[in-house]
Protein chains: 2
Amino acid sequence: MSGQNETRPTGARKGAVAATGRKVPCEKCPLRGKPVLRDFTADELAFVSNFKSGELNVEAGANILLQGTNSAHLYTILSGWAFRYKTLPDGRRQILNYSLPGEFIGLQGSVSDEMQHSVEALSDMLLCVFPREKLWNLYTNYPALAFDVTWLAAREEQILDENLMNVGRRTSLERTAYLLLHLFLRAEEIGLTKADAIQFPITQQHVADTLGMSLVHTNKTLKKLAASKAVLWKDKLFEILDRDALHEIAGFEPTQQRHRRPFI
Amino acid sequence: MSGQNETRPTGARKGAVAATGRKVPCEKCPLRGKPVLRDFTADELAFVSNFKSGELNVEAGANILLQGTNSAHLYTILSGWAFRYKTLPDGRRQILNYSLPGEFIGLQGSVSDEMQHSVEALSDMLLCVFPREKLWNLYTNYPALAFDVTWLAAREEQILDENLMNVGRRTSLERTAYLLLHLFLRAEEIGLTKADAIQFPITQQHVADTLGMSLVHTNKTLKKLAASKAVLWKDKLFEILDRDALHEIAGFEPTQQRHRRPFI
DNA sequence: CGACTTGTTGATGTACATCAAGGTACGTGG
DNA sequence: CCACGTACCTTGATGTACATCAACAAGTCG
């Protein structure tokens with residue numbers, strides 16, 4: 001029952017290890033202690049450790065969840081990047097959001113029959129695996145954790161709101177600046193940046209599919225952005241040269257508290 | 001403390017009555033018995049009746065919630081339509097989603113300090129008012145209701161996903177058809193339609209701001225849609241003449257179960 | 001065996017011509 | 001006055017085509 005290979009990536013380097021040994025206990029989770037995570041009680045940590053059914057290694061490019069299927073699992077990200085997306089029958093793709101360490105994957109599926117979107121790994125990833133059916137247990141016995149789940153869902157909603165505003169009402173230059181700044185800030189929050197630089201595992205095609213633009217136009221827009229000297233993006237290395245200028249171009253409105261995260 | 005007028009609409013016909021008499025007990029809620037609502041236990045209904053602090057009448061055009069503020073209340077809609085939106089400093093507006101009877105307003109605010117969007121009434125409305133601070137009580141004592149709240153949040157997320165895909169990757173004609181069909185189906189679900197017709201409380205400007213298009217282009221696109229004989233929209237009355245054709249134009253993918261709703 | 005070609009592929013960069021969408025202006029009708 | 005309708009011109013975005021460059025695999029030769 002557990003370990004259905006519908007969710008196993010197509011060539012995971014170490015293969016699926018769902019529902020087997022738990023290597024990293026939550027107490028030693030690399031994300032513990034980060035300011036994005038709230039403090040949990042020992043009781044909560046114990047429950048979550050027990051909730052967790054194992055870990056999963058996923059290779060870059062592999063599909064973690066597939067639109068139209070129904071996974072028995074729920075994941076949190078220990079390391080690596082992924083993105084959520086939908087496709088139309090004719091192949092047009094819209095990237096909905098990105099998923100970074102400390103975030104959930106597959107919560108929507110816990111609440112509806114079929115996944116309405118797919119999730120693909122951008123880099124090699126390490127995931128924590130949770131059996132979906134135990135989620136109810138969490139709601140009945142750990143209301144604080146249940147609230148955290150709701151909190152995460154609401155936060156995802158806020159990001160989607162911003163993305164929708166971005167795609168619908170900003171110019172291509174603003175959009176592009178906004179997206180890069182947004183991703184940088186999320187990564188910075190969890191300590192993935194060094195100074196004002198970061199390794200972005202995304203291509204221009206991802207940017208295009210996130211912002212609803214063509215690849216060609218995305219390329220031109222990125223060139224224009226680079227010409228402003230606000231950022232430098234070359235060979236996967238993204239660097240912010242002038243934070244104020246980037247904020248200015250993006251029309252960025254500081255989006256408040258991102259802290260208080262649920263269990264990992 | 002309760003009844004702050006920051007949340008009182010600018011000219012509500014009957015004024016704010018939050019935290020006062022409860023007129024419609026949940027047992028007699030007009031929405032009870034609709035298939036979109038799950039069955040609740042007597043205990044749950046009693047709790048919700050007590051959770052509810054009153055009702056609020058809102059006039060069309062009034063702001064229910066305002067971006068940047070923090071309301072002490074949470075609402076559910078008994079009757080009437082509203083829309084969620086964000087604005088940029090220069091006035092550009094993006095409508096994020098619409099809110100219909102049986103849905104929540106202001107959940108995001110329960111989870112973050114400041115409202116990241118505004119909500120405006122499209123028609124005269126009747127709202128149920130709940131004090132935000134009692135939400136925690138719901139989580140500790142009524143896990144099934146807590147799960148319902150999460151369910152609602154996830155459903156909102158699904159709609160946002162679709163909207164984002166719509167704005168980002170569909171043509172203007174597809175977008176327009178999709179939006180109208182989407183709204184019609186949501187209204188149909190709660191019995192707001194007669195045959196294949198409905199009173200839409202929205203203008204072309206709303207459509208434009210939802211789909212990220214200019215007013216002029218929205219007008220042209222609606223004309224083109226009308227020319228297809230799939231729909232007829234005149235004087236607020238929207239009618240579907242050919243459901244299959246509309247599905248076809250919209251590239252609509254039947255989006256599964258919308259049922260199981262939380263308390264009202 | 002190692003070094004040097006060759007071919008392939010994916011990501012990026014750029015130049016057109018074309019088209020979809022925007023903006024302004026000015027109608028109408030209620 | 002506001003919502004809708006339509007004409008005109010402008011601009012932003014697309015699609016196609018093609019060039020560059022690095023990474024990588026296969027094969028060849030010294």
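Heavy atoms only: backbone and side chains are in, while hydrogens, waters and symmetry mates are out.
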Go through A/Glu103 and A/Arg186 one step at a time and tell me if the salt bridge (charged side-chain N to carboxylate O under 4.0 Å, His left out) criterion holds.
CA-CA 11 Å; A/Glu103 302 181 337; A/Arg186 275 172 70 183; 2.9 Å; yes
Test log, rule side-chain contact (heavy atoms from CB on, under 4.5 Å), inputs A/Gln204 and A/Leu215
CA-CA 7 Å; A/Gln204 295 187 353; A/Leu215 181 57; 3.9 Å; yes
B/Ile64 vs B/Met125, side-chain contact (heavy atoms from CB on, under 4.5 Å): CA-CA, chis, key distance, verdict
CA-CA 10 Å; B/Ile64 299 167; B/Met125 304 181 75; 3.7 Å; yes
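Within the 4.0 Å cut-off from OP1 or OP2 of D/dG5, at least one side-chain nitrogen or oxygen of B/Asn219 is found. Contact check, B/Gln204 against D/dG5: a side-chain N or O comes under 4.0 Å of OP1 or OP2.
At whole-Å resolution of the value, NZ in B/Lys224 and P in D/dT6 are 14 Å apart. B/Leu237 places its CG atom 14 Å from the P atom of D/dC4, with the value rounded to the nearest Å. Distance, B/Arg175 CZ to C/dG22 C1': 13 Å, rounded to whole Å. One atom, CG of A/Leu211, and another, P of D/dA13, lie 11 Å apart when rounded to the nearest Å. Whole-Å rounding puts the B/His206 NE2 to D/dC2 C1' distance at 13 Å. Across the protein-nucleic acid pair, B/Gln205 atom CD and D/dC1 atom C1' stand 15 Å apart, rounded to whole Å.
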So which protein nitrogen or oxygen atoms get under 3.5 Å of nucleotides 14-16 of chain D's nitrogens or oxygens?
residue : atom : partner  : partner atom : Å
D/dT14  : OP1  : A/Ser214 : N            : 3.3
D/dT14  : OP2  : A/Ser214 : N            : 3.1
D/dT14  : OP2  : A/Ser214 : OG           : 3.1

Short N/O separations, protein against nucleotides 18-25 of chain D, under 3.5 angstrom:
none

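Heavy-atom contacts from other residues, nucleotides or ligands closer than 6.0 Å to NZ of B/Lys194 number more than 12. Around atom CD of A/Glu188, more than 12 heavy atoms belonging to other residues, nucleotides or ligands sit under 6.0 Å away. At most 12 non-hydrogen atoms from other residues, nucleotides or ligands lie less than 6.0 angstrom from NZ of A/Lys229.
Positionally, the nearest nucleotide of DNA chain D for B/Trp233 lies more toward the 5' end than for the other of B/Trp233 and A/Thr221. Residues A/Arg170 and B/Ile202 each lie close to DNA chain D; by heavy-atom proximity, the contact nearer the 5' end of the strand is made by B/Ile202.
The aromatic rings of A/Phe83 and A/Tyr85 are tilted relative to each other, their planes meeting at an angle between 30° and 60°.
Taking the six-membered ring for Trp and the full ring otherwise, the centers of A/Tyr178 and A/Phe252 sit less than 6.0 Å from each other.
No cation-pi contact links A/Arg84 to A/Tyr98, judged by a cut-off of 6.0 Å to the six-membered ring centre and 45° from its axis.
Using a 4.0 Å heavy-atom criterion, one finds that B/Ser172 contacts the sugar-phosphate atoms exclusively.
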